[in-house]
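Please read the structure below before turning to the comments.
The first residue of the sequence shown is numbered 1, and numbering continues consecutively from there. Remember, it's a predicted structure, so these values are computed and weren't measured experimentally. Just so it is clear, the values below take in all heavy atoms, side chains as well, and ignore hydrogens, waters and symmetry mates. For ligands, and for the atoms within them, numbers begin at 1 and follow the listed sequence.
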Amino acid sequence: MLKKTDKIFLAGHRGLVGSAIHKRLLDEGYQDVVVKTRQELDLMNQADVYGFLASEKPQAVILAAAKVGGINANNTYPADFIGQNLIIESNLIWGAHLADVPHFQFLGSSCIYPRETPQPIPEEALLSGKPEPTNAPYAIAKIAGLYLCDSIRRQFGRNYYTVMPPNVFGDRDNYDLKTSHVLPALIRKFHEALPNSDVICWGSGNPRREFLHSDDVAGACVFLLQQDGVEGHINVGTGASVSIRELAETIQRIVGHQGSILWDTSMPDGFPEKTMDVTRLFGMGWRPQISLESGIRSAYDWFLANREQLALR
Ligand code: GFB
C-alpha cells in the first residue's frame, strides 16, 4: 500500500480525469505528487520517458494521459487513437517496469468490452466478443495496455492494474462538437440553442450509457491506491445507465431550453448499451458520491464560467 509521503508520478494531470485525480491526491494529503506538462515531458518520446522515470524513481505511476474523444472523433481518426495510445502506454508502463516502479494504475475505458455482451458488463466479459467498430482501434490499444500491466504483474510480481471507468464527464471536459463525448456536446448544444431553437442530437437516442463524474473517478482511483491486491482490471461506475434520449431531456431541463429535440440517424449509435457491473469495487467499500443530475448541473456551471476561454468554434 502507498504511504502519503511516497512519490507518485501522475501522467495527464491537465485532462478531464487527470485533473480530478490531481486535486483528489492533494486534498487527501499526498505530499509528493509529480506532474509534467506536455512541453516538459513528451509522453510519445520513449527515451525522454524512460530517462525521466529512471531518474525520478516514483513509488507509483498513474497513467491518465491518452488520446481520447467521442464516437465521431474515434470514427474519424482511428490511426491517431490506436497509434498514439499504444506509444504512450508502452513508454509509461514498460518504462515504469524498467525503472523498478512498484505500483502502476492504468486508466482504461468501458469501450474495451465487446459490443454484444450481457449487461451490466462484468470484468470477465473482456475479449468474449468483437469490439464496437466505431471505437475498436482505441479499445484494442487500451486492451493492450491492460494486458501489459497484468503480464508485468504475473511475470515480475509488480502491483500493476487497470481501472475501467464508464463515460466520464466533469470540469475541464472537451466541448468541441466534432470530437467531444455526448454529455458535454449536449450541454453546449442546448445552451447555444436557448431559448427555443431546435437541437440536433446524433443517432436514434436509444443507446444506453453509464455516466460517472470525474471527481468520482478520482475518488475511486485514490481509494484503490489504498487497497492491496487489485489484480487485472476493475470496473468503476454507478452500475446504472440512461438512454441518450433521457440524457438529452435531462440536460434540456437543466439548461432551461424550450425548443425541439431532433435526431440525426445518419450519425452512428455505437454501443447499444454500456452499463458496467461494479459488484467487485462496491464489495471493497467504494460508492459514487455525485448523482447524474447534480453532476450535469456542476458541469454546466463550469461550462458557463469557462466557455470564453475555450475559444469554441
Ligand atoms: O459519448 P459518445 O460520443 O461516445 O456517444 P460513446 C454516445 C452516444 O451519444 C452515441 C450519441 O450513441 C452518440 O450517437 N450522441 C447524440 C452524441 N448526440 C451526440 C452529440 O452531439 N455528440 C456526441 N459525441 N454523441 C465513446 C468511445 O463511445 O465512449 C470512446 O468512442 C470512449 O473511445 C468513450 O470509450 C467513453 O459512448 O459511443
Considering Pro207, Gly69, Ala73, Pro184 one by one, which has a heavy atom nearer to atom 30 (C) of ligand 1 than any of the others? Gly69
Take His13 and Ser19, measure what side chain to side chain contact (heavy atoms under 4.5 Å, CB included) needs, and give me the verdict at the end. CA-CA 5 Å; His13 73 292; Ser19 58; over 6 Å; no
Nearest option to atom 27 (C) of ligand 1, as decided by whichever heavy atom of Val182, Ile71, Val68, Asn135 sits closest: Asn135
Specify whether Phe81 and Tyr138 have parallel, tilted or perpendicular ring planes, treating 30° as the upper limit for parallel and 60° as the lower limit for perpendicular. perpendicular
So for ligand 1, is Pro166 a polar contact partner (N or O within less than 3.5 Å, distance only)? no
Per-atom contacts, ligand 1 versus Ser109 - under 4.0 Å to a heavy atom: 32 (C), 35 (O), 36 (C)
List for me each residue that meets side chain to side chain contact (heavy atoms under 4.5 Å, CB included) alongside Leu148, sequence neighbours excluded, and say none if there are none. Ile93, Trp94, Ile152
Would one find an N or O of Lys189, backbone or side chain, under 3.5 Å from an N or O of ligand 1? yes
Please report the C-alpha distance between Lys7 and Lys57 in whole Å, then the side-chain angles of each, then the deciding distance to 0.1 Å, and finally whether the side chain to side chain contact (heavy atoms under 4.5 Å, CB included) criterion is met. CA-CA 8 Å; Lys7 179 184 290 187; Lys57 290 198 123 5; over 6 Å; no
Do me a favour and list the nearest non-hydrogen protein atom to atom 14 (O) of ligand 1 with residue, atom name and distance? Pro268 O, 2.8 Å
Kindly indicate whether the side chain of Asn45, heavy atoms from C-beta on, has any atom under 4.5 Å from the side chain of Tyr50. no
Among all protein non-hydrogen atoms, which one is nearest to atom 31 (O) of ligand 1, and what is the separation to 0.1 Å? Asn74 ND2, 3.2 Å
Which option wins on minimum heavy-atom distance to atom 23 (C) of ligand 1: Phe169, Phe211, Trp202, Tyr113? Trp202
Please list, in number order, the atoms of ligand 1 under 4.0 Å from a heavy atom of Cys111. 33 (O), 35 (O)
Main-chain N/O of Phe223 paired with Gln227 side-chain donor or acceptor, under 3.5 Å: yes
Give the single entry among Met267, His181, Arg209 that approaches atom 6 (P) of ligand 1 most closely by any heavy atom. Arg209
For residues 115-125, the salt bridge (charged side-chain N to carboxylate O under 4.0 Å, His left out) pairs (sequence neighbours left out) are Arg115-Glu132
Would you please classify the geometry between the Tyr113 ring and the His233 ring as parallel, tilted or perpendicular, with 30° and 60° separating the classes? tilted
Would Asp269 count as a contact residue for ligand 1, given that I'm defining contact as a non-hydrogen atom of the residue lying under 4.0 Å from a ligand atom? yes
Gly70 heavy atoms within 4.0 Å reach ligand 1 at atoms 3 (O), 31 (O)
State yes or no: are the ring centers of Tyr300 and His191 separated by less than 6.0 Å? yes
Using the ring of Trp263 (Phe, Tyr or Trp, six-membered ring only), decide whether Arg245 places NZ or CZ under 6.0 Å from its centre and within 45 degrees of its axis. yes
Just say parallel, tilted or perpendicular for the rings of Phe303 and Tyr175, cut-offs at 30° and 60°. tilted
Show the atoms of ligand 1 that are less than 4.0 angstrom away from any heavy atom in Cys201. 18 (N)
Atoms of ligand 1, numbered as shown, that sit under 4.0 Å from any heavy atom of Ala185: 20 (C), 21 (O), 22 (N)
What I want to know is whether Asn167 and ligand 1 share at least one N or O pair that is separated by under 3.5 angstrom. yes
If we only consider heavy atoms of Lys274, is any one of them less than 4.0 Å away from an atom in ligand 1? yes
Can you name the atoms of ligand 1, numbered from 1 with element, that are less than 4.0 Å from a heavy atom of Tyr138? 33 (O), 35 (O)
Could you list the atoms of ligand 1 found under 4.0 angstrom from a heavy atom of Ser180? 3 (O), 24 (N)
Output yes when a side-chain donor or acceptor of Gln252 lies under 3.5 Å from a complementary backbone atom of Gly259, and no otherwise. yes
Identity and distance of the protein heavy atom lying nearest atom 8 (C) of ligand 1: Ile244 CD1, 3.7 Å
